[in-house]
Number of protein chains: 2
Amino acid sequence: MTTELLTRQAITPELVLDGLDDVLGLHIGTANTLFVTRLERQLEAMKVTPKQVAILWLVKANPGVKQTDLSRFFKIERPTVHQFVRSLMRNGFLINEPSKLDRRAGGLWITGEGETVLSAARVIIAESEAALTACLSSHEKSELYRLIMKVYLSAAQKG
Amino acid sequence: MTTELLTRQAITPELVLDGLDDVLGLHIGTANTLFVTRLERQLEAMKVTPKQVAILWLVKANPGVKQTDLSRFFKIERPTVHQFVRSLMRNGFLINEPSKLDRRAGGLWITGEGETVLSAARVIIAESEAALTACLSSHEKSELYRLIMKVYLSAAQKG
DNA sequence: TATTGTTATACTCTATAACTATA
DNA sequence: TATAGTTATAGAGTATAACAATA
């Protein structure tokens, strides 16, 4: 149990925060932006974005997966998924083979080039994750993971 | 100490996740998107976005504040701050009075209309926060807060 | 009618580059 | 030279509306 005081007030002591720093959503948002922005820069050279890597990751693990399934997993709309898929296809990392069982649906497959990029990106992501949680003990790490997941799943359930 | 298993696998059991669900950044990101998207919809009627409310909040607590100070607090670039400020001024929620001491700088002040919107938005944000953490015990709440803050401050320090 | 994918469009948040005015 | 603000532009991620093709 740590009692040290951790606040954003220390960063800009000249500002009166008036309770804004009590808003958990603000900290989750700014922390997220910080990580994502850094990760984007690290992935830039291999022509993928963080979200594109996540899509690539699932396509590799689930050959022939449908866009609808990805939409459900990430809880984003189908046209949003399609935008990532289109970029990945344009760069030759993914191909879309129409299903023979249901000709409405397409099946997504990763290409050789896509696998190469995914492998490299996974290394960068692992490093990024390690750096992100380096300040936490292993118990704190698993607690943060558990609490974020709990909050997310509870919110996702509500619709 | 809870031992129940909380995973995203349960949401889409048909998908093989291959370790993607071990990536903490993914969960922070999707949780954030979920909250922000909801909050945006709730604030839509009063013509402000979540980030605009945060700016309004600090301007009210720090009358005459400079855009540079807001930039430092949020760790975003000056032109990004300016975009929010411009929207808020266009809607009559903020005014920009040039400083007499340093004529490069402007001082931001909230308007009466801005105060009305801020008050209403704070109620919505408080409700949103409560809903977000309703699934957590009070100890879990403060732990999540502490851990996010710790990770954020550690990452922010590194530059 | 319902589902899958697609296209077009728009909005939020963020960044970089280049500029003006002032210190 | 350095700082405050501004303008223009771009890119990532998200959404809604409307459509075609298929079931």
Report the distance from atom CZ of R72(B) to atom P of dG5(D), rounded to the nearest whole Å. 11 Å

Going by heavy atoms in the side chains, are T33(B) and F74(A) under 4.5 Å from each other? no

How many whole angstroms separate atom NE2 of H82(B) from atom P of dA8(D)? 11 Å

Go through the structure and list residues passing side-chain hydrogen bond (donor to acceptor under 3.5 Å, both in side chains) with R8(A), not counting sequence neighbours. H27(A), T30(A), Y152(B)

Pairing residues for D18(B) by the side-chain hydrogen bond (donor to acceptor under 3.5 Å, both in side chains) criterion, not counting sequence neighbours: R122(A)

Per-nucleotide protein contact string for nucleotides 15-23 of chain D (B base, S sugar-phosphate only, - none; heavy atom under 4.0 Å): BBB---BBS

Would you mind reading off the distance between M89(A) atom CE and dG5(C) atom C1', rounded to a whole angstrom? 10 Å

Do the non-hydrogen side-chain atoms of L70(B) and L108(B) ever get within less than 4.5 Å of each other? yes

L94(B) CG to dT6(D) P, straight-line distance once rounded to whole Å: 11 Å

One thing to verify: whether E14(A) and R72(B) come together as a salt bridge, which I'm taking to mean a side-chain N less than 4.0 angstrom from a carboxylate O. yes

Other cluster members, I95(B) - Ile/Leu/Val/Met/Phe/Trp/Tyr, side-chain contacts below 4.5 Å: W109(B)

Please report the distance, rounded to the nearest Å, between CG in L70(A) and P in dG13(D). 15 Å

Side-chain atoms of residues 58-67 of chain B: list all donor-acceptor pairs with protein atoms under 3.5 Å, sequence neighbours left out, distances to 0.1 Å.
from, atom 1, to, atom 2, distance (Å)
N62(B), OD1, V16(A), N, 2.7
N62(B), ND2, V16(A), O, 2.7
N62(B), ND2, L58(B), O, 2.9

Tell me the interatomic distance from D69(B), atom CG, to dG5(D), atom C1', rounded to whole angstroms. 13 Å

Whole-Å distance between dC11(C) C1' and L43(B) CG? 15 Å

Nearest-Å distance, CG (N32(A)) to P (dC13(C))? 13 Å

Evaluate the side-chain proximity of F93(A) to L118(A): yes if any heavy-atom separation is below 4.5 Å, no if none is. no

Pairing of R41(A) and E44(A) as salt bridge, 4.0 angstrom limit: no

Sorted by number, the residues of residues 45-66 of chain A with heavy-atom contact under 4.0 Å to DNA chain C: K66(A)

